[in-house]
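Just so you know, these numbers come straight off a predicted model, no measurement behind them.
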Amino acid sequence: AQSVTQPDIHITVSEGASLELRCNYSYGATPYLFWYVQSPGQGLQLLLKYFSGDTLVQGIKGFEAEFKRSQSSFNLRKPSVHWSDAAEYFCAVGARGGSQGNLIFGKGTKLSVKP
Amino acid sequence: DAGVIQSPRHEVTEMGQEVTLRCKPISGHDYLFWYRQTMMRGLELLIYFNNNVPIDDSGMPEDRFSAKMPNASFSTLKIQPSEPRDSAVYFCASSPLGLAAYNEQFFGPGTRLTVL
């Protein structure tokens, strides 16, 4: 069965510092991988996604993520964090093919940004 | 496109009352999902539909919860009777999966339910 682990429940970084949020997945093949962001009181917004091809994917708001098959990881990065990045971030995995349409979400990582 | 529309945005009700949450997915999307988000349990998938047919309702907590999708542009999630432990934010999402093998979902703004 698919599963997603986000080891860090809460991370605090200083504004301008770099950021890496971890995501590990369990799946029998190469999955579809997603990062979503949820600002306080809002719904989830897609940041980026990996389907195939280049393992380094670029997303909105200056975020990027790298798919590493050997480590079953899809970590999210940003070189310089802005105060507006404070939010909760969710990694998700989806199955390829078949009739299964659902995503499996991690528990989320809450990001706080210090001025 | 207006995105996924949910109503109401906020609902406060008393224990024992019936609650109906509504969702309008993005036009043309084949899949519709209902999620519940709480501090304790995070984001949980309750049920999802493909072409208006329920595919997996294993996440529905108990018989008090029911969901319908009478047509491609409307879905409801009903709780009857409601209990305080049902207090959560309920999200609806839709996906243009169709015959394609990817699962990107588009989320609505959510309905914050408080059961007193």
Side-chain angles (χ1 to χ4, degrees), chain A residues 1-10 21 23 25 27-53 57 59-60 65 67 74 87-110, chain B residues 2-7 9-10 21 23-26 29-60 69 89-112:
Chain A
Q2 302 152 254
S3 67
V4 178
T5 302
Q6 293 181 248
D8 304 305
I9 297 174
H10 190 185
L21 302 182
C23 172
Y25 67 89
Y27 185 61
T30 301
Y32 296 110
L33 296 162
F34 304 82
W35 275 100
Y36 283 83
V37 61
Q38 184 181 27
S39 298
Q42 304 294 317
L44 279 70
Q45 179 186 19
L46 182 68
L47 275 178
L48 48 77
K49 59 194 176 189
Y50 172 78
F51 292 160
S52 64
V57 293
I60 62 172
F67 168 58
F74 189 56
E88 190 155 19
Y89 293 80
F90 294 89
C91 181
V93 59
R96 287 180 180 264
S99 61
Q100 187 175 4
N102 60 310
L103 292 177
I104 306 297
F105 283 87
K107 296 292 187 187
T109 298
K110 185 175 182 179
Chain B
V4 176
I5 299 172
Q6 291 186 248
S7 65
R9 292 294 309 276
H10 301 273
L21 310 182
C23 176
K24 176 178 169 56
I26 294 173
H29 283 193
D30 300 287
Y31 280 72
L32 183 139
F33 305 82
W34 282 101
Y35 291 89
R36 178 173 68 175
Q37 186 179 42
T38 61
M39 291 289 292
M40 291 295 295
R41 301 173 68 91
L43 194 64
E44 302 173 279
L45 177 66
L46 300 177
I47 185 172
Y48 74 95
F49 296 82
N50 179 21
N51 292 322
N52 313 337
V53 176
I55 301 300
D56 183 354
D57 65 354
S58 60
M60 296 286 262
M69 192 165 186
V89 181
Y90 291 82
F91 288 103
C92 176
S94 67
S95 171
L97 183 59
L99 295 177
Y102 60 89
N103 313 76
E104 180 178 349
Q105 295 180 16
F106 296 78
F107 281 75
T111 295
R112 181 174 294 278

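Atom CZ of B/F107 sits about 9.5 Å away from atom CG of A/L46, to the nearest 0.5 Å. The distance from atom CG of B/L45 to atom CD1 of A/I104, rounded to the nearest 0.5 Å, is 7.0 Å.
The neighbour count for A/I60 CD1, taken as heavy atoms of other residues, nucleotides or ligands under 6.0 Å away, is above 12.
B/Y35 approaches A/L103 most closely through the heavy-atom pair OH-O, 4.1 Å.
Heavy-atom distances place the side chain of A/Q38, and not its backbone, under 4.5 Å from chain B. For B/R41, the part lying near chain A is the backbone, with the side chain staying farther off; criterion is any non-hydrogen pair under 4.5 Å. The contact between B/Q37 and chain A is made entirely by side chain atoms (from C-beta outward), counting heavy-atom distances below 4.5 Å.
By number of non-hydrogen pairs under 4.5 angstrom with chain A, the leading residue of B/G108, B/G110, B/P109 is B/P109.
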For this session: Quick one: do B/Q105 and A/Y36 satisfy side chain to side chain contact (heavy atoms under 4.5 Å, CB included)? Show the steps, please.
Result: CA-CA 10 Å; B/Q105 295 180 16; A/Y36 283 83; 3.7 Å; yes
